[in-house]
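Single-structure report; data block below.
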Amino acid sequence: MDMLGSIKLWLKNDESAIAKACHRCIRELMHFSIPVIPFIHPCMLRIHLLITHLFANIFRILYWTPLFKSRLVTRPSNLYLYSGMPLVLGHLTIEMGDNCRVSGISTLSGRSMDGRPSRLIIGNNVDINWQNNIAVGGNIVIEDNVRLAGRVFLAGYPGHPIDVKERAAGLPDHEHQVGDIVLKRDVWLATGVSVMAGVTIGEGTIVAAGSIVTKDLPSSVLAGGIPAKVIKSL
């Protein structure tokens, strides 16, 4: 153990008055901060926010957005990309419509389909919020006006086989584990929703937070639960 680690253990565990006094002083120093000075610190905060927002928008306009667009098959207009650029993995083509808003804190991945790339097709006026994970095994279609809240998972493929020996050997998943996902127009998936492979969610349907959708849902309903079931018509 290094000297710093030994000192930390001594401060935490030694019952002597010196160790306790040193531990108390260090904790007080760790939590020390100067008090808020009226006018000065509020002004500093406004300047800080102005500078960070300015640089974030400069990077968004000049760097992140054109880099991400170069990865797309289409060239969407009015794309609003915020918080950086999504992580794109695997064998995937991405088609995107106009007027979309996409969080850079998202992951888009594709499974190779016998050497062909999987396809992610995104319509117009779609929101893909922070920490979304879209795993495309074949095709995922997100139609116009769809809203994906935070931490949504579209699981088009699992990534691993069911057989334990195959999984331990690092073999890929099988074709029967893979399926398309279709989100029809005006669908809204609330925070933490997961949609499994082979599922279609009908037009205008809302899925409640934390739900897991394992089977098709009809149009214009509110659904929720694990697995998700229709709660009422809208």
Side-chain angles (χ1 to χ4, degrees), residues 74 76 79-80 82-83 86-90 92-111 113 118-163 173-234:
T74 55
L79 169 62
Y80 187 80
Y82 59 95
S83 302
L87 177 63
V88 181
L89 302 171
L92 180 67
T93 62
I94 306 171
E95 303 168 33
M96 183 177 291
D98 300 329
N99 303 308
C100 293
R101 292 156 296 280
V102 182
S103 170
I105 310 173
S106 296
T107 301
L108 315 175
S109 64
R111 179 185 186 274
M113 307 296 291
S118 293
R119 295 176 66 202
L120 174 58
I121 303 170
I122 301 170
N124 299 311
N125 190 32
V126 171
D127 281 1
I128 299 175
N129 281 293
W130 62 282
Q131 291 188 350
N132 275 208
N133 187 349
I134 301 177
V136 189
N139 299 284
I140 287 183
V141 180
I142 303 173
E143 294 188 356
D144 297 348
N145 309 321
V146 168
R147 298 292 183 265
L148 306 182
R151 294 188 289 106
V152 167
F153 181 26
L154 305 183
Y157 68 98
H160 302 286
I162 295 173
D163 183 80
D173 50 19
H174 295 282
E175 295 296 328
H176 70 270
Q177 297 175 265
V178 179
D180 295 346
I181 295 173
V182 179
L183 307 181
K184 294 291 189 177
R185 288 175 57 93
D186 301 307
V187 163
W188 173 20
L189 305 185
T191 301
V193 169
S194 295
V195 180
M196 299 297 105
V199 166
T200 295
I201 299 180
E203 186 172 330
T205 284
I206 298 173
V207 182
S211 301
I212 299 179
V213 186
T214 59
K215 296 181 180 179
D216 292 355
L217 293 174
S219 300
S220 301
V221 299
L222 172 63
I226 302 175
K229 297 179 181 178
V230 174
I231 297 171
K232 65 178 183 179
S233 296
L234 298 175

His160 side chain near Gln177 side chain, heavy-atom distance below 4.5 Å: no
Test of understanding: with salt bridge (charged side-chain N to carboxylate O under 4.0 Å, His left out), list the residues that count as partners of Glu95, not counting sequence neighbours. Arg119
Going through the checks in order, is the side chain to side chain contact (heavy atoms under 4.5 Å, CB included) test met by Leu148 and Ile142? CA-CA 10 Å; Leu148 306 182; Ile142 303 173; 4.1 Å; yes
If you take all heavy atoms of Ser118 and Met113, which pair is closest and at what distance? OG-CG, 3.6 Å
Please report the shortest heavy-atom distance between Ala208 and Gly224, naming the atom on each side. CB-CA, 4.1 Å
For a 4.5 angstrom cut-off between non-hydrogen side-chain atoms, does Lys229 reach Thr214? no
Out of Val141, Leu92, Asn139, which one pairs with Leu120 under the side chain to side chain contact (heavy atoms under 4.5 Å, CB included) rule? Leu92
Is there a side-chain contact between Tyr82 and Ser103 in this structure, where contact means two heavy atoms from C-beta onward sitting under 4.5 Å apart? yes
Not counting sequence neighbours, which residues clear side chain to side chain contact (heavy atoms under 4.5 Å, CB included) with Asn99? List them please. Asn78
Can you tell if the side chain of Leu79 reaches within under 4.5 Å of the side chain of Cys100, non-hydrogen atoms only? yes
Quick one: salt bridge (charged side-chain N to carboxylate O under 4.0 Å, His left out) partners of Asp180, sequence neighbours excluded? none
Residues which pass salt bridge (charged side-chain N to carboxylate O under 4.0 Å, His left out) with Asp144, listed by chain and number, not counting sequence neighbours: Arg185
Are Leu189 and Val213 close enough that some pair of their side-chain heavy atoms sits under 4.5 Å apart? no
For the pair Arg101 and Asn125, evaluate side chain to side chain contact (heavy atoms under 4.5 Å, CB included) and give the outcome as yes or no after the intermediate values. CA-CA 7 Å; Arg101 292 156 296 280; Asn125 190 32; 2.7 Å; yes
Close side-chain approach of Ile122 and Val102, heavy atoms under 4.5 Å: no
Taking salt bridge (charged side-chain N to carboxylate O under 4.0 Å, His left out) as the test, write out the residues that go with Arg151, two or more places apart. none
Can you list every ring-ring contact (aromatic ring centres under 6.0 Å, His included) pair that touches residues 174-200, not counting sequence neighbours? His174-His176
